[in-house]
Amino acid sequence: MNKHKQTNTLTIVLVSFLAVILVVFAGLFVFNRWEVVIDLHEINEVHAQYGLPYEDPGVEAKYTGSIFKFYKKKADVTIDSSQVNLKKMGEYTVTYTAKYKDKTAKATRKVIVEDTIGPDIQLNSTPDAYTVYNHPYEEEGFQAIDNYDGDVTDKVQSKESNGYVYYTATDSNGNTSTAKRKITYDDRKGPLLSLSGGEEVNAFYGEEYKDEYTAIDDCDGDITSQVTVEGSVDTNTKGDYELKYTVTDAHGNTSTAVRKVHVIDKPAYNDGSMEGPKVIYLTFDDGPYKYTDQLLDILDKYNVKATFFTTSAYPDYAYCIKEEAQRGHTVAVHTATHNYSKLYASTDAYWADFDQQNAVIEQQTGSKSKLFRFPGGSSNTVSRNYCRGVVSQITQQSREKGYVYFDWNVSSGDAGETSSSDVVFNNVTSQVAANSQHGKPSVVLQHDIKDFSVNAVERIIQWGLENGYSFKPLTEYSFTAHHGIAN
Ligand SMILES: [Zn+2]
């Protein structure tokens with residue numbers, strides 16, 4: 001072989017090789033397609049919640065070659081979710097259209113509109129609110145809104161357990177949600193110190209003075225035994241004494257009270273001169289009833305103590321008698337039955353009815369009352385129809401038994417002549433003012449079974465306080481306002 005021949009062979013091989021490469025490339029160019037490709041990130045199905053906005057999980061598109069994949073350009077995608085009805089459960093299609101120059105591509109995703117979430121429970125909380133230890137939690141409020149049912153607040157159930165309140169609500173598709181709140185416990189209130197007889201009382205020279213009071217704590221209950229009393233009363237020396245009461249609950253809240261005790265000669269009978277003209281005794285007959293709780297709150301608001309001549313006409317409200325005593329009011333006997341024909345039939349019948357009511361009082365307060373008021377007052381004449389002279393005999397016997405009866409010298413008119421709070425207010429205040437002018441204290445007759453009469457009490461108290469009166473509960477030594485016996 002010569003050198004020339006060798007060169008020719010090499011040239012032929014090279015040219016052939018280049019030709020093959022050229023053919024291959026030409027082939028690739030012929031078979032490569034330029035196209036737009038949509039990438040759904042392998043998410044072909046989406047679950048959307050009924051009623052909530054549809055959120056597309058995203059999509060990308062590129063312009064590229066079917067063979068020359070190294071060439072990429074981002075393509076714009078439009079999402080068409082107009083078919084999806086979020087207010088109707090079912091299956092829908094979302095369509096994606098991608099464009100690059102004259103090339104387009106389409107892809108779809110399945111969207112399932114369903115309801116698999118429960119109501120959204122929102123808990124209200126009042127700043128600084130707390131629950132007293134050992135007391136049930138008082139609800140601060142909540143709302144529950146469901147994506148399917150709307151407002152389902154009335155379907156929320158709550159349960160208190162171990163310092164938490166647990167809430168659950170289930171929507172009509174059976175989805176349940178829960179929420180919980182931690183209860184904040186505290187005790188910031190001192191015990192309620194109640195002085196029986198009030199903050200200013202008379203004690204009688206040479207007689208024993210019984211100092212009675214209670215301390216009820218919202219947390220610890222009855223802690224009367226823990227009250228310390230500073231000072232003492234010497235009933236063998238006439239004069240003014242001061243007693244100071246202090247009691248502290250288990251969480252360190254202290255309450256104090258002061259009482260003035262005047263040791264005076266025991267009067268033959270009290271004609272009102274002991275009190276003077278600026279004292280009002282509010283008295284309420286015929287309860288307790290459904291307005292008594294409200295009345296007690298009004299009296300508490302002004303720290304006014306009153307007197308309740310109680311009955312058993314509404315036994316469901318007997319618990320109010322205990323409340324009356326615990327809040328420092330005087331509880332007295334009116335009648336168990338208020339049945340004139342029965343209780344005025346004889347003295348025995350009267351005392352049977354009386355004892356029945358005093359047993360209820362003892363059950364509620366721990367002690368019997370010495371104070372009472374005749375049904376109809378001591379001057380009633382209706383008792384003549386049933387037994388001549390019965391009131392005179394009862395009066396005599398009541399002294400022997402150690403009981404004191406009370407009438408009134410202010411009539412509110414709430415027993416029949418009016419049903420207006422304004423008239424009650426005018427009757428009471430005008431008669432109190434008249435008594436005062438004549439140097440007398442006032443014993444006011446109202447009925448806590450009459451809502452309009454109870455509704456007048458706050459204004460009466462405000463009027464009294466503005467005009468320099470003080471309100472007191474009756475004691476066995478108070479002004480009796482006797483009418484005079486007519487049978
Ligand atoms: Zn009555």
Side-chain angles (χ1 to χ4, degrees), residues 49 51-52 115-194 213-228 245-257 290 292-294 296-301 303 316-328 363-366:
Q49 289 296 331
L52 299 184
D115 178 26
T116 58
I117 56 173
D120 178 25
I121 304 175
Q122 295 286 339
L123 304 179
N124 301 349
S125 59
T126 314
D128 220 29
Y130 68 96
T131 301
V132 177
Y133 294 98
N134 306 326
H135 281 231
Y137 170 72
E138 213 171 285
E139 184 55 56
E140 289 160 84
F142 51 77
Q143 296 86 39
I145 307 295
D146 184 60
N147 60 319
Y148 190 84
D149 298 326
D151 194 328
V152 290
T153 304
D154 59 344
K155 294 219 174 80
V156 176
Q157 297 191 317
S158 65
K159 208 183 92 190
E160 185 180 337
S161 172
N162 290 322
Y164 286 89
V165 186
Y166 296 89
Y167 302 85
T168 51
T170 302
D171 69 15
S172 59
N173 294 314
N175 303 299
T176 297
S177 299
T178 62
K180 72 171 177 178
R181 79 161 93 224
K182 196 174 193 309
I183 302 172
T184 307
Y185 288 101
D186 206 345
D187 177 18
R188 300 174 199 170
K189 254 201 240 161
L192 178 66
L193 253 173
S194 296
Y213 51 83
T214 57
I216 309 293
D217 187 59
D218 54 358
C219 214
D220 308 342
D222 189 334
I223 53 170
T224 303
S225 63
Q226 292 172 42
V227 176
T228 59
Y245 307 80
T246 309
V247 64
T248 302
D249 70 17
H251 297 98
N253 302 297
T254 298
S255 297
T256 60
K290 59 182 171 186
T292 307
D293 274 327
Q294 178 200 341
L296 288 170
D297 288 344
I298 294 166
L299 296 170
D300 273 357
K301 184 174 166 187
N303 194 29
D316 286 354
Y317 298 92
Y319 71 91
C320 292
I321 293 177
K322 186 179 182 181
E323 279 288 310
E324 288 162 2
Q326 283 190 345
R327 302 204 204 175
Q363 195 180 32
Q364 293 294 330
T365 70

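Side chains included, hydrogens not; waters and symmetry mates left out as well; all remaining heavy atoms used.
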**CD1 on I183 to CD on E140, rounded to 0.5 Å** = 9.5 Å
**Prompt:** Heavy-atom distance under 4.5 Å between the side chains of E324 and L296, does that happen here?
**Reply:** yes
**Prompt:** Nearest heavy-atom pair of A215 and T224: which atoms, and what distance?
**Reply:** N-OG1, 3.0 Å
**Request:** Would you sort out whether Y185 and H135 count as a side-chain contact (heavy atoms from CB on, under 4.5 Å), showing the intermediate values?
**Result:** CA-CA 9 Å; Y185 288 101; H135 281 231; over 6 Å; no
**Request:** Run the numbers on T228 and T246 for side-chain contact (heavy atoms from CB on, under 4.5 Å), then give the verdict.
**Result:** CA-CA 5 Å; T228 59; T246 309; 3.7 Å; yes
**Prompt:** Which is it for N253 and K189 under the side-chain contact (heavy atoms from CB on, under 4.5 Å) test, yes or no, and what are the steps along the way?
**Reply:** CA-CA 6 Å; N253 302 297; K189 254 201 240 161; 5.8 Å; no
**Request:** Taking all heavy atoms of T248 and all of P191, pick out the closest pair and write down the distance.
**Result:** C-CG, 4.5 Å
**Asked** Name the one of T214, D217, L193, I216 that satisfies side-chain contact (heavy atoms from CB on, under 4.5 Å) with I223?
**Response** D217
**CG on D149 to OG1 on T170, rounded to 0.5 Å** = 10.0 Å
**Fill in**
Note: P119 and S177 closest approach over all heavy atoms is O-OG, 2.6 Å
**Item:** Side chains of L299 and R327 in contact at under 4.5 Å (non-hydrogen atoms)
**Value:** no
**Item:** Qualifying residue for side chain to side chain donor-acceptor pair (under 3.5 Å) with N173, from D115, N147, T116
**Value:** D115
**Prompt:** Do NZ/NE/NH1/NH2 and the carboxylate oxygens of R188 and D218 come within less than 4.0 Å?
**Reply:** no
**Message:** Within the 4.5 Å heavy-atom criterion, are E160 and E139 side-chain neighbours or not?
**Reply:** no
**Message:** Does any part of the side chain of T292, heavy atoms only, come nearer than 4.5 Å to the side chain of Y319, both counted from C-beta?
**Reply:** no
**Item:** Residues D171, V152; criterion side-chain contact (heavy atoms from CB on, under 4.5 Å); working and verdict
**Value:** CA-CA 8 Å; D171 69 15; V152 290; 5.7 Å; no
**Asked** Atom CD in Q143, atom CG in N124: separation rounded to 0.5 Å?
**Response** 4.5 Å
**Message:** Within the structure provided, determine whether H251 and C219 are in side-chain contact (heavy-atom separation under 4.5 Å).
**Reply:** yes
**Closest heavy-atom pair and its distance - V165, S158** = CG1-CB, 4.0 Å
**Request:** For residues S255 and L192, determine if any side-chain heavy atom of one lies less than 4.5 Å from a side-chain heavy atom of the other.
**Result:** no
**Request:** Find the distance between OG1 (T153) and CG (D146) and round it off to the nearest 0.5 Å.
**Result:** 10.5 Å
**Fill in**
S161 and Y166 have their tightest heavy-atom pair at O-CE1, 3.8 Å
**Asked** What is the minimum heavy-atom distance between Y130 and D186, and which atoms define it?
**Response** CD1-CB, 3.3 Å
**CD1 on I321 to CD on Q363, rounded to 0.5 Å** = 9.0 Å
**Fill in**
In this structure, OH of Y167 is separated from CG of L123 (nearest 0.5 Å) by 5.0 Å
**Message:** For a quick check under 3.5 Å, do E138 and T131 share a side-chain donor-acceptor pair by atom type?
**Reply:** no
